[in-house]
Protein chains: 2
Amino acid sequence: MRGDDSCRLAWPFDVYEAQCPTRMVLDRIADKWAVLILDRLREGPVRFNHLRRDIKGISQKVLSQTLKKLERDGLLSRAVFPTVPVTVEYALTPLGRTLTDAVAAIAHWAEHNMDAVLAAQAAYDARAGGEAGL
Amino acid sequence: MRGDDSCRLAWPFDVYEAQCPTRMVLDRIADKWAVLILDRLREGPVRFNHLRRDIKGISQKVLSQTLKKLERDGLLSRAVFPTVPVTVEYALTPLGRTLTDAVAAIAHWAEHNMDAVLAAQAAYDARAGGEAGL
DNA sequence: CCGCATCCTATGGGATACTG
DNA sequence: CAGTATCCCATAGGATGCGG
């Protein structure tokens, strides 16, 4: 049997293993803000404050943190242009591009199935609330 | 212009709007544990403790919470069999099935691109560490 | 077997203010 | 413009024990 270190440097990586590095990656990309950022970059490079404006509700701190982590993971690149004031553009890397379809699917699913989810929630709550009367 | 309540009950839902209900859904499905659970249910119904064993590292509390939320959102169903002791099976609903491909893509991406991510991280850290010497 | 309740700590993430 | 630093609180989530 594979012990605690199972999956480390060995194929195939198994995301169901607690200590597998894939868990860290999953934690990064299965994240609301990361999904929105990656999806927003699909059409091309975007500047920091532009992302900040487009992804409504994200704080500058979280945007900054998330961008840095995604850059470290090789999913996106950061380009600095020595203009005055400085301009910084974020763009998907080739590796990042291999993820965007899946990520976009998640984001779009939410938009397309919102009605069904809302209905399910209402039904669930009605059932749960009604049970008190039994 | 659409005010604060933009997107509520109106099409198209826009996941980039801060107050949009799609954000709640995105928060739910763009979650490490939810992804693993939904992916694990692809092949058929699974019992509670079976999920707990398969998804290594998940606590019973988090599993329970996540299952309940996913059930409320209509993504999966809960079936109780009056055996002794009781048996409970969780399964994807038709709505949940429309999500699993996207979710599986995310989970599998992590497994397939782990090497590239690891390499990117090493390169990034080497660069960051080296800068101290400039 | 399937959970819920409680306790407790670590972390996520918002607000605000300051730097190159 | 593009961040970094600090404060600070809400929540995620692990551990443990009990109940149906």
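Order of the sequence lines fixes the chain letters, A, B, ..., with proteins taken first and strands second; residue numbering starts at 1 for each chain.
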**Q.** Sequence-distant partners of A:Arg40, side chain to side chain donor-acceptor pair (under 3.5 Å), two or more places apart
**A.** A:Asp54
Q) Among the nucleotides D:dG3, C:dC2, C:dC4, which one has an atom lying closest to any side-chain atom of B:Lys68? A) C:dC4
**Q.** All side chain to side chain donor-acceptor pair (under 3.5 Å) counterparts of A:Trp33, not counting sequence neighbours
**A.** none
Q) What's the CZ-C1' distance between B:Arg53 and C:dC2, to the nearest Å? A) 12 Å
Q: Take nucleotides 12-20 of chain C nucleotide by nucleotide from the 5' end and write B, S or -, depending on whether a protein heavy atom sits under 4.0 Å from the base, only from the sugar-phosphate, or from neither.
A: -BBBBB--B
Q. OP1 or OP2 of C:dC4 less than 4.0 angstrom from a side-chain nitrogen or oxygen of B:Ser64, does that happen here?
A. yes
Q. What residues, two or more places apart in sequence or in another chain, satisfy side chain to side chain donor-acceptor pair (under 3.5 Å) together with A:Lys61?
A. none
Q | Partners meeting side-chain contact (heavy atoms from CB on, under 4.5 Å) with B:Ala116 (sequence neighbours left out) | A | A:Leu95
**Q.** Terminal helix-axis angle for the helix from C:dC1-D:dG20 to C:dG20-D:dC1, with five pairs defining each axis and rounding to 10 degrees
**A.** 50°
Q: List in chain and number order the residues that pass side chain to side chain donor-acceptor pair (under 3.5 Å) with A:Arg28, two or more places apart in sequence or in another chain; answer none if no residue qualifies.
A: A:Asp73
**Q.** Length of the CD1-C1' vector between B:Ile37 and D:dG13, whole Å
**A.** 13 Å
Q: With sequence neighbours left out, write down each residue that passes salt bridge (Lys or Arg N to Asp or Glu O under 4.0 Å) with B:Arg42, or none if nothing qualifies.
A: B:Asp101
(Q) Using OP1 and OP2 only, check whether a side-chain N or O of A:Arg47 sits under 4.0 Å from D:dA2. (A) yes
Q) Would you say D:dA2 has OP1 or OP2 under 4.0 Å from some side-chain N or O of A:Arg52? A) no
(Q) Could you walk me through whether A:Lys56 and B:Glu17 satisfy the salt bridge (charged side-chain N to carboxylate O under 4.0 Å, His left out) test, starting with their C-alpha distance in whole Å, then the side-chain angles of each, then the deciding distance to 0.1 Å, before giving a yes or no? (A) CA-CA 5 Å; A:Lys56 287 159 192 158; B:Glu17 289 293 328; 2.9 Å; yes
Q) Reckon A:Tyr90 has a side-chain N or O less than 4.0 Å from the OP1 or OP2 of D:dC1? A) no
(Q) List the residues meeting side-chain contact (heavy atoms from CB on, under 4.5 Å) with A:Ala102, not counting sequence neighbours, and say none if there are none. (A) A:Leu99, B:Ala105, B:Ile106
